[in-house]
Structure formats: structure tokens, C-alpha cells
Amino acid sequence: MSNAAMSLTDTAIRTAKAGPKPYKLYDGRGLYLIVTPNGHKWWRLRYTFADKEKLLSLGVYPAVSLKQAHSKRDAAHAHIAAGVDPSVQRQAEKA
């Protein structure tokens, strides 16, 4: 299966309906969208740093578009490759 076949589309995100439980729509490379029962859609990035699995929030759809979520994911992966935890980097920027 190609990577393009696994990627989300803007149409799929817009038409995702709320269900009785939160569910995830996976995009690839750790990026996914959580659709909550009240209809909110949250971008999340699951990554591994220092042999620990971590989760990073990337924003709320539609304020953060699919393209922006991809950019944030790629930036986080660049930090990881440089040996910097994206979560720690964000906390340092906020401080």
C-alpha cells in the first residue's frame, strides 16, 4: 500500500461525523485526528523519543488545516532527528 493511500484528505476530515465514542483517523508518520463525540477534531502526533512513546497536540481542525498539520508533523520529526524532544522544545518556547 502506498503512503498516498494511507493519507487523509480534507474531504474525509470535513465529512467525519461524531460517534458515541472518540475515534481516530490516521494520516501517517504518527499523525492522526481524534474526532470526539461532541464533534471536535483534534490533531495529535505520536512519536518516540529516548525510547519513550509520547504524544503532542498540534491543534484543532479547521483552525489547523491538513496541510498545516503535515508541516507541524514534519517540523517535529526534524526536531527529533536533531535530538530535540518536540514537547520540551514547545515548553521552552512558551516559557
Side-chain angles (χ1 to χ4, degrees):
M1 184 186 262
S2 71
N3 191 25
M6 294 180 2
S7 294
L8 283 174
T9 63
D10 196 54
T11 303
I13 296 167
R14 277 196 321 268
T15 59
K17 302 292 182 210
K21 294 181 179 180
Y23 65 95
K24 299 173 184 176
L25 297 174
Y26 292 93
D27 183 64
R29 295 187 61 209
L31 181 66
Y32 61 92
L33 188 76
I34 296 177
V35 181
T36 63
N38 62 8
H40 292 118
K41 298 171 183 175
W42 300 83
W43 290 110
R44 294 286 188 268
L45 177 65
R46 181 174 302 238
Y47 65 98
T48 304
F49 189 83
D51 294 328
K52 289 187 179 180
E53 191 171 281
K54 297 192 167 201
L55 199 60
L56 185 66
S57 175
L58 301 180
V60 180
Y61 181 86
V64 176
S65 69
L66 177 62
K67 187 174 182 178
Q68 290 169 320
H70 283 168
S71 295
K72 289 182 176 196
R73 175 197 61 198
D74 294 342
H77 281 292
H79 286 305
I80 293 165
V84 178
D85 185 342
S87 179
V88 172
Q89 176 77 20
R90 178 185 285 177
Q91 290 170 2
E93 289 171 359
K94 285 185 178 180

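We use all heavy atoms of the structure for the numbers below, so side chains are in, but hydrogens, waters and symmetry mates are not.
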Worksheet item: Does Val35 reach the side chain of Tyr61, with side-chain heavy atoms less than 4.5 Å apart?
Response: no

Worksheet item: For Lys54, which residues count as a salt bridge (charged side-chain N to carboxylate O under 4.0 Å, His left out) partner, sequence neighbours excluded?
Response: Asp85

Practice prompt. Output all residues satisfying salt bridge (charged side-chain N to carboxylate O under 4.0 Å, His left out) with Glu93, sequence neighbours left out; order by chain, then residue number.
Written response: none

Practice prompt. Might you point out which heavy atoms bring Pro37 and Pro20 nearest each other, and give the distance in Å?
Written response: CG-O, 3.7 Å

Worksheet item: Partners of Asn38 by side chain to side chain donor-acceptor pair (under 3.5 Å), sequence neighbours excluded?
Response: Thr36, His40

Worksheet item: Among all residues two or more places apart in sequence or in another chain, which pass the salt bridge (charged side-chain N to carboxylate O under 4.0 Å, His left out) test with Arg44?
Response: none

Response to the item:
With sequence neighbours left out, the residues meeting salt bridge (charged side-chain N to carboxylate O under 4.0 Å, His left out) with Arg90 are none

Worksheet item: Using 30° and 60° as the class limits, which term best fits the ring planes of Tyr26 and Tyr32: parallel, tilted or perpendicular?
Response: tilted

Fill in: Nearest non-hydrogen partners of Pro86 and Tyr47, listed with the distance
CD-CE1, 3.6 Å

Worksheet item: Are any non-hydrogen side-chain atoms of Arg29 and Asp74 less than 4.5 angstrom apart?
Response: yes

Practice prompt. Kindly give the heavy-atom pair with the smallest separation between Ala69 and Leu58, and that separation in Å.
Written response: O-CD1, 4.1 Å

Item to complete: Taking all heavy atoms of Leu56 and all of Ala76, pick out the closest pair and write down the distance.
Response: CD2-CB, 4.4 Å

Discussion item. Can you give me the closest heavy-atom contact between Ser65 and Trp43, atom names plus distance?
Written reply: O-NE1, 4.0 Å

Worksheet item: How close do Asp27 and Leu8 get, heavy atom to heavy atom, and via which atoms?
Response: OD1-N, 2.7 Å

Item to complete: With side chain to side chain contact (heavy atoms under 4.5 Å, CB included) as the test, would you mind laying out the steps for Leu25 and Lys41 before giving the verdict?
Response: CA-CA 10 Å; Leu25 297 174; Lys41 298 171 183 175; over 6 Å; no

Fill in: Partners meeting side chain to side chain donor-acceptor pair (under 3.5 Å) with His79 (sequence neighbours left out)
none

Discussion item. With heavy-atom distances below 4.5 Å as the criterion, would you say the side chains of Leu45 and His77 are in contact?
Written reply: yes

